[in-house]
Amino acid sequence: MLPGNKRPTIKDVAAAAKVSPATVSLALNSKGGVSETTAERVREIARDIGYTPNALARGLQRSSIGMIGLVIRPLDTLESFLPAGVDFFLRLTGAASLAALERGYTLMLVTDPSKPDSPLSALAADAYIVTEPHENDPVLTMLAGERIPFVTIDHDPARPDAFPAFRARATNQVQTMLAHLVEAGAQRVALVTGTDPNAWNIESRDEYLKWCAASGRSPQLLSYPETAGSAVGDDVIDALFGASPTLPLSSPAPDAIFCLTGRHAAGVTEAAIARGIRVPEDLLVAGGSGAIINQTSKPTVTTFDLQPEAVGALAVDAAVKLAERKPLEGPLESPPALIQVRESTTRSQH
């Protein structure tokens, strides 16, 4: 037993065993994924410190508390739950909250429940929605280990068919935007992705490289952390156009830049103009997931509307069915992203 008669938690077991909470969950539930030696050591340590499973979390299969949990994985890496100029998560959460109320449920926002400092209530919901999971995401591993139902918005790229998921169709979005940029006059398109190891970044990169190979273009691919926001602008322009306009480049500079993150696109547009590169006359700029700043900047920036309200409502409907032990019928389809053409890719016709 821990000092002060404190009730041991799964995180205490993980700390004592020097493994992750997800590994503890797998070991205690005999779900596989860990060696028998590790599993037995975890079980022995759990017995030694007096750990017993949380009754609320364990009771979810037998009773309902009328709650859906929402884990927005990008916010776990953005270092802020209110990233400036981004409305995607607000729109998604608002629509999901109202959809849950409409179904007689409440929505609980949860940060990464696999972290050691996560509260016990993080695993208290009847079912979960996890957005943009990472490769081999520990959140999905923990939920699966605890036998708590969940659905994801986009899939775990390392386990694409393991869990029910609404796919974000990143491949289609890249194809659509590249076709738009070429139609607008681009010959050399650079791609700027984020660094989160999610399907959106990975599949977008792969589709871009495939397009370059098929069209005989040399890829110009950069990656920057999503959390950097618009501050990446100068770095992107330096990398693609040279630190000084007078320095020669080893390859021709792009005439279009597609940034998956809307705030990256905003920063690139601002940095290009500051360098004397005209947008859109000299350089076309487009973004993937749009941000408020893309609609208000000068020039405004072409982005996608990923329809987060529709996605949130669909995800809640699926999560409620899972919570009520009802089957999910047919493939889970996300609504298509809508391209919103703005000034940054619109050139005068004269």
Side-chain angles (χ1 to χ4, degrees), residues 9-11 13-15 17-43 57 69-79 89 109-118 122-123 125 127-171 193-209 221 223-227 260-261 288-289 311 315 318-319 322 328 331-332 334:
T9 69
I10 194 171
K11 301 172 191 63
V13 179
K18 294 182 173 56
V19 297
S20 70
T23 297
V24 174
S25 177
L26 291 173
L28 297 183
N29 286 283
S30 301
K31 293 289 288 183
V34 297
S35 69
E36 182 54 37
T37 300
T38 299
E40 179 55 36
R41 181 168 62 88
V42 169
R43 289 191 287 266
L70 174 60
V71 186
I72 303 178
R73 293 299 274 135
L75 294 183
D76 289 324
T77 57
L78 276 178
E79 301 176 356
F89 304 114
L109 281 173
V110 182
T111 58
D112 183 350
S114 68
K115 287 185 175 180
D117 58 350
S118 178
L123 290 178
Y128 284 78
I129 300 166
V130 182
T131 76
E132 294 87 33
H134 298 171
E135 282 186 300
N136 291 308
D137 200 306
V139 174
L140 306 191
T141 300
M142 171 173 275
L143 292 174
E146 295 287 347
R147 301 181 185 181
I148 301 173
F150 64 90
V151 63
T152 67
I153 296 175
D154 219 350
H155 58 281
D156 180 331
R159 298 174 285 184
D161 301 314
F163 312 113
F166 289 91
R167 303 231 172 182
R169 306 183 185 186
T171 296
T193 74
T195 56
D196 283 352
N198 55 37
W200 192 40
N201 282 323
I202 293 170
E203 292 185 357
S204 295
R205 176 200 65 202
D206 292 348
E207 182 61 26
Y208 168 75
L209 293 175
L221 179 62
S223 296
Y224 294 91
E226 286 84 350
T227 187
L260 294 187
T261 300
S289 176
V311 174
L322 291 174
L328 298 180
L332 302 180
S334 294

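Qualifying ring-ring contact (aromatic ring centres under 6.0 Å, His included) partners for Phe89, counting only residues two or more places apart in sequence or in other chains: none. Among residues two or more places apart in sequence or in another chain, the side-chain contact (heavy atoms from CB on, under 4.5 Å) test is passed with Ala39 by Ala27, Val34, Glu36, Arg43. Asp206 pairs by the side-chain contact (heavy atoms from CB on, under 4.5 Å) definition with Ile202, not counting sequence neighbours.
Residue Leu143 comes nearest to Leu123 through the heavy atom pair CD2-CD2, 3.8 Å, listed as atom of the first residue, atom of the second, then distance. For Leu140 against Pro133, the heavy-atom pair with the smallest separation is CD1-CB, 3.8 Å. Between Ser114 and Pro21, the shortest heavy-atom contact is O-CG, 3.2 Å. Minimum interatomic distance between Asn201 and Asp196 (heavy atoms only, all atoms of both residues): ND2-O, 2.8 Å. Closest non-hydrogen pair, Ala125 versus Gly69, comes out as CB-N, 3.5 Å. Looking at every heavy atom in both residues, Ala319 comes nearest to Ile129 through CB-CG1, 3.8 Å.
Rounded to the nearest 0.5 Å, atoms OG1 (Thr193) and CG (Leu221) are 6.0 Å apart. To the nearest 0.5 Å, atoms CG (Leu70) and OG1 (Thr131) are separated by 6.5 Å. If you take CD on Glu203 and NE2 on His155, they are separated by 4.0 Å, rounding to the nearest 0.5 Å.
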| Hey, mind stepping through Val42 and Val19 against side chain to side chain contact (heavy atoms under 4.5 Å, CB included) and telling me if it holds? | CA-CA 9 Å; Val42 169; Val19 297; 4.2 Å; yes

| side chain to side chain contact (heavy atoms under 4.5 Å, CB included) between Val71 and Phe150, worked out | CA-CA 10 Å; Val71 186; Phe150 64 90; over 6 Å; no

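Side chains of Val139 and Met142 form no contact here, defined as non-hydrogen atoms less than 4.5 Å apart. Between Arg167 and Pro331, the closest side-chain pair of non-hydrogen atoms is not below 4.5 Å. Under the 4.5 Å side-chain criterion, counting only non-hydrogen atoms from C-beta, Leu332 is in contact with Pro164. Side-chain contact between Val130 and Asp156 is absent, with no heavy-atom pair separated by less than 4.5 Å. Between Trp200 and Ser289 there is a side-chain heavy-atom pair separated by less than 4.5 Å. Glu146 places a side-chain heavy atom less than 4.5 Å from the side chain of Ile10. Side-chain atoms of Val151 and Phe166, non-hydrogen and from C-beta on, do get closer than 4.5 Å to each other.
Under a 3.5 Å cut-off, the side chain of Arg73 and the backbone N or O of His134 do not form any donor-acceptor pair. Looking at Glu226, its side chain never comes within 3.5 Å of a backbone N or O of Pro74 through a donor-acceptor pair.
Counted by atom type alone, Thr141 and Arg159 present one or more donor-acceptor pairs between their side chains at under 3.5 Å.
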